Amino acid sequence: MTETLTLAKAVNSALADSLEGDDRVLLMGEDIGKLGGVFRVTDGLQDRFGPQRVIDSPLAESAIIGTAIGMSYRGFRVVAEIQFDGFIYPAFDQIVAQVAKLRYRSQGRVSMPLTIRVPFGGAIGSVEHHSESPESYFAHTAGLRVVTASTPQEAYSTLRAAIQSDDPVLFFEPKGKYYTKGEVDRSIVRDLETANVVASGRDVTIAAYGPTVDTALRAAVAAADEGIEVEVIDLRSISPLDVDTVVESVRRTGRLVVTHEAPAESSVSSELIASVAERAFAHLEAAPERVTGYDTPYPPSAVEHDYLPSLDRLLDAVDRTLGRRNSRTDLDYSALTTGAAR
Amino acid sequence: MTETLTLAKAVNSALADSLEGDDRVLLMGEDIGKLGGVFRVTDGLQDRFGPQRVIDSPLAESAIIGTAIGMSYRGFRVVAEIQFDGFIYPAFDQIVAQVAKLRYRSQGRVSMPLTIRVPFGGAIGSVEHHSESPESYFAHTAGLRVVTASTPQEAYSTLRAAIQSDDPVLFFEPKGKYYTKGEVDRSIVRDLETANVVASGRDVTIAAYGPTVDTALRAAVAAADEGIEVEVIDLRSISPLDVDTVVESVRRTGRLVVTHEAPAESSVSSELIASVAERAFAHLEAAPERVTGYDTPYPPSAVEHDYLPSLDRLLDAVDRTLGRRNSRTDLDYSALTTGAAR
Amino acid sequence: MSITVPAPDPELAAGLDGPLTVLDLDGTRLPSELLDPHLRDIDEHALTNLYVDMVRVRRLDTEAFALTRQGQLVLWPPLLGQEAAQVGPARALGEQDWVFGSYREHGFALLRGADMGEFARIWKAYAHSGWDPREIRMAPSQIIIGAQTLHGVGYAMAAKMDGADEVALTTFGDGATSEGDVNEALVWASTFQAPVVFLCQNNQYAISEPVHVQSGVPLALRPTGFGIPSMRVDGNDVLAMHAAARIAFDRARAGDGPTFIEAVTYRRGPHTTTDDPKRYRDEAEVEAWIAKDPIDRVERALERMGANMEAVRAEAKIRADQLAKEFRAAAEHAVPPVADEIFDNVYAQPTRRLERQRLEHRAFVSSIEGAK
Amino acid sequence: MSITVPAPDPELAAGLDGPLTVLDLDGTRLPSELLDPHLRDIDEHALTNLYVDMVRVRRLDTEAFALTRQGQLVLWPPLLGQEAAQVGPARALGEQDWVFGSYREHGFALLRGADMGEFARIWKAYAHSGWDPREIRMAPSQIIIGAQTLHGVGYAMAAKMDGADEVALTTFGDGATSEGDVNEALVWASTFQAPVVFLCQNNQYAISEPVHVQSGVPLALRPTGFGIPSMRVDGNDVLAMHAAARIAFDRARAGDGPTFIEAVTYRRGPHTTTDDPKRYRDEAEVEAWIAKDPIDRVERALERMGANMEAVRAEAKIRADQLAKEFRAAAEHAVPPVADEIFDNVYAQPTRRLERQRLEHRAFVSSIEGAK
Ligand SMILES: Cc1ncc(C[n+]2csc(CCOP(=O)(O)OP(=O)(O)O)c2C)c(N)n1
Ligand SMILES: Cc1ncc(C[n+]2csc(CCOP(=O)(O)OP(=O)(O)O)c2C)c(N)n1
Ligand SMILES: [Mg+2]
Ligand SMILES: [Mg+2]
């Protein structure tokens, strides 16, 4: 049985069903109780499950994670909310030096079945710190699982799996898609490691996750008009990456474009390209391409649409992999080596 | 005129000469004053320059960086020390959300001429948190420069450049090499962006930085015995990467091995391989290879030599790029797809 | 014998038993041994100036709020109700002093002289900051809760090293007191006896969370645990706030180190224009605070002093309207950023990597424009 | 009128004017209205037990120190001088309680029952932790300064939710009080009235930095700013420490929330075996603290109580020697990790990525072995 839900409501349902199904699950974060979260994602949950299980915490991210760790020692499965992507950094030490390492440190004797929910990504016209994509920091951190979702169904099913997992999971919610609707079957709980091929094609593979999956799908439709078949992979898990599925696809297409909103440098797209170059070198027929946020801080949102991956930038990258005319065809890079940098 | 110095002493000299040459330079950190730092890197500096310029700070990394930011507003060039790699995370927010972004946020009106010194890397037989390589986190952060050094000369010259730079610089000091000696010419101040070709060769390029440069050089010597010419590049700058120099080399060798101690996933080596795949695809004759720390937390140091890049692991990777017999030649990966992961 | 929280001597950590007030709701002057000596020069004229300042600040706030509703600004965090808490200290600052505040410091920005055209650009999402920090000696507005307090302390340490006669004021909310950074800032300020003033605008809420989620004891008690003296002040009393700030600044200038001021006030509007406070608080609570309005109180005080209130009100209205007009025009005519600016000011010394991306972006933009 | 730091009523935040002591240096009992009621059951037998505990803890410490000098251990952070500060509270813990400490809690580890074989493995760099946390209800040792305090508070919150009769004790150093985490832990403990006991072992130094770098006021004043009652206790007086801990545990069990204990003590040895304290402190200072030795004092008290000290000393020595022997043997025979363990316990559900690396590592190892 399915129902039509927004992505925000799908997250809300996954939280409600998790709270309902396991009395060791509890939620903690800033403004998640009475207010129901700044995006209303936790709306109604405190009324339904009480302030002991849906906890409005004081304002300190390190303590949200640090105390959730203590609760994990007692077998609680805490779902901690970080209000926005740009506010996760004060909790960085507790996440990378504690959450990620406690199982290892204790030789498997301490479990951290923690889920950290983080609304992420841009295109919401907001002010500084409200549109970032910090997932690569956590992908680089051994011991953490990092997942995201592209549709209401994926949001529901992946979040439920995250909460059930005995590993700590960062769940990045594409906040720009909170209000998009889709069918959700609440009986489906997903795994945390497999990518989805969401469109099949023979010419070029686009690997995307979270908010860029939709753009990639639109690019596939647009490319089809020109007779180009694009295969689109929703990576779902950012760490570990399901490299097998991407390699399998690139074996057929020979071409790869990776897209995300985060900056490119030392990022998830760097990793995917490196992994594919290592493991499918013989099958690559063209240089892999990236369409990502530029290597700058997130700009004022008045110009965010120039910063973010877009349909046209994706198509341009597809053209590059196919050796078709593209925006860089006549581009003269010579100024660079002599000019700007010493 | 040169003198023979340990790398630790070269850093000490660079700090002393910077303090001497510019009265806006000051040092701040835990135990850097009376004690001279846990590695004695700042030995004698408080005696010479006074406790106002070589400041023993209270024990809080976020505040070390946060107050250094305030001092930068007044034109001081603070050299902040983070005692060990694994203790930088409490300062993460101040580094990525403040230091890295203040110039951008203020449209160029606020400068952050801050240098953050971080002893990093392993092979010192220490306990947890004392042997990490967190540089990739900062390489992923726009607005920061991230540099390192492989010899006493490089340490001296790069640190002086870092302190003179109007950009914020993270300077990662290879603590495992603190006591290696080398000739230092104190008149040389380096730039912050150019890689060095430290050994020339036609067959394979190894790109390394910090503590792995030495291993790469030893690999080049060993490979030469078998008639293989290895070109070794000391990247020096981790962000931005001098991709031009690596591409130039790969154009000739067609083969690339990247090595660092940090885990591989979404790291500096991911980035370098992705960048080279994008920009020198036609010249690559074999799949690029990585020799890095594994994707686990840093293990107990009793087994760190298995974890860290080694001469033999590098040679094995060189063999892989050349299609020579290597440790993976007969390796059967088939258990993986069916077994461990769902 | 029980162990409970100590109740410090009220003469030492002032105002813990009840916020320091010098202006009663009806405008009468209440005597204060602590504050009065610092208000001797505040005559009718000076009080009128503070009044006009508050009226202007409020007008800027309501204008910006309206502009947001009209879609001219993308977001606005209103300060309605907090005018005295900002104007009092802002008018105690010397020109040479610096302010390190959060995102709700419109009163400080205005009184420090922020250019309204630039200021509007933040809230149109045209720019991340809205004034030249060096020109008005106020750091860019800060959204990461509490981060600026360390910057303020660092600035003060540096000023002290230079022997400069400068004080740093750092201001933050009640919610911010829970963040590690704010507490580390207290450690540093105390250890280095930095000439810094901590101004906590306790407006009773951190978004939806009432202050008791952050602390069961008055926030003004916090600094005492760090060896920093404090005052708990009626934040809706511009004179009390002004006097307390003067005491704190005097202490800093005299080399006596940091002081903490808790301004007990109230955020009458929503957290920002996207917030819905009905979900978490009663209208009656807001009404009770409207009765303590910081501006009304000064009107009554001026009346009691015999001021010509008609003229004062008229003058204030003219200046406020003028400001509103200026701000509205600035907002309407603000120049949007061009996309190429994305690549500016990331580094002092541009990098090849980023200049390459700039080139590619330009080429992409022209290819799209070419295609049209 | 001046604004200074409040001096809280000494009966409320106990010991601020001078650490609470019940055992004088010469072994006489000093009366304490606060502590005495919690020591009524401590007879000669009980005191002898505390004495033997301290002697054993010290012996473990000196043995480990010697083993490090001999190259058997890679590092050791000695607790010499802090025996009472650990034994007193450790013996006030119930079996059901949990300890969240740092890296210097050898006294707690021993008394909680850590297996010496496992314990030695940490300091041989064979393992990152040295006991089964669930078995002895003590979290793995923690090197990131202050991080464990949040874990302790979270554990206590969880115990309270479950209605369990459990208290979390979290212990940390004087230096740790400057970290944001420790202050956030105080916020959380206070807001949620968690059954947690904060034990600050103020051993006067954070590596080379004397405590006045962290705070100009007694550390026991810190929690009062968060609404948490505190006691400043002579950390070299095992009875005072024991009584103070009992008070704190009783409060927690009674639902009265958190308590903070500052143990005023001294780290007589180096920070760790790699440290050289001569660089930053005088021998005379160390001598002065040797005069306040926590063990000598109890010997004198037992003598005054008429104990057969020869027998007590002999018994203590036997047990301490036995422990030292056990520890030395454990250290010598500790099983080193095998390289393949690098890949274990990173995830509960192993990942293909890491299993692939495990395979590749194995293949590499055999290729090297094959080549030999
Ligand atoms: C580090 C961080 N965490 C969370 C937020 C989201 N946030 C923005 S304002 C706010 C409440 C701040 O409350 P307070 O400090 O009382 O200041 P006020 O808004 O009342 O002026 C929160 C939680 C943030 N901006 N930064
Ligand atoms: C976050 C962090 N920063 C720095 C260090 C390095 N360090 C190890 S022990 C220590 C001093 C700790 O002093 P204190 O809290 O007084 O505890 P003590 O060692 O005296 O028991 C420092 C700075 C660390 N381990 N963690
Ligand atoms: Mg507030
Ligand atoms: Mg200490």
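Chain A is the first sequence line, chain B the second, and so forth, proteins listed ahead of strands; every chain is numbered from 1. Keep in mind that this is a model prediction, so the values were computed, not measured.
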Residue part contacting chain A, namely of [X], when any heavy atom lies under 4.5 Å:
X	answer
C:V365	side chain
C:V213	both
C:D276	both
C:I207	both
C:R358	neither
C:L359	both
C:H271	neither
C:P336	neither
C:A147	neither

Name the region of [X], side chain, backbone, both or neither, that has any atom closer than 4.5 Å to a heavy atom of chain C.
X	answer
A:D312	both
A:D332	backbone
A:E304	neither
A:L331	side chain
A:S57	backbone
A:S62	neither
A:Y89	neither
A:R313	both
A:A63	neither
A:H130	side chain

> What distance separates A:T296 OG1 from C:N345 CG, expressed to the nearest 0.5 Å?
Replying inline: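 Separation between the atoms: 11.0 Å.
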>> Rounded to the nearest 0.5 Å, what separates atom CD in C:Q357 from atom CG in A:D295?
In response: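 So the CD of C:Q357 and the CG of A:D295 are separated by 4.0 Å.
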If you tally heavy-atom pairs under 4.5 Å against chain C, which of [options] wins?
options	value
A:A60, A:P58, A:P297, A:P299	A:P58
A:Y294, A:Y298, A:F84, A:Y307	A:Y294
A:D43, A:D330, A:V38	A:D43
A:E30, A:K34, A:E128	A:E128
A:V127, A:D306, A:N326	A:D306

> Taking C-beta and beyond as the side chain, do C:F364 and A:S310 meet within less than 4.5 Å on heavy atoms?
Replying inline: yes
> Is it the case that A:Y333 and C:E360 place a side-chain donor and acceptor less than 3.5 Å from each other?
Replying inline: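 Looking only at side-chain atoms, C:E360 and A:Y333 do form a donor-acceptor pair, the distance falling under 3.5 Å.
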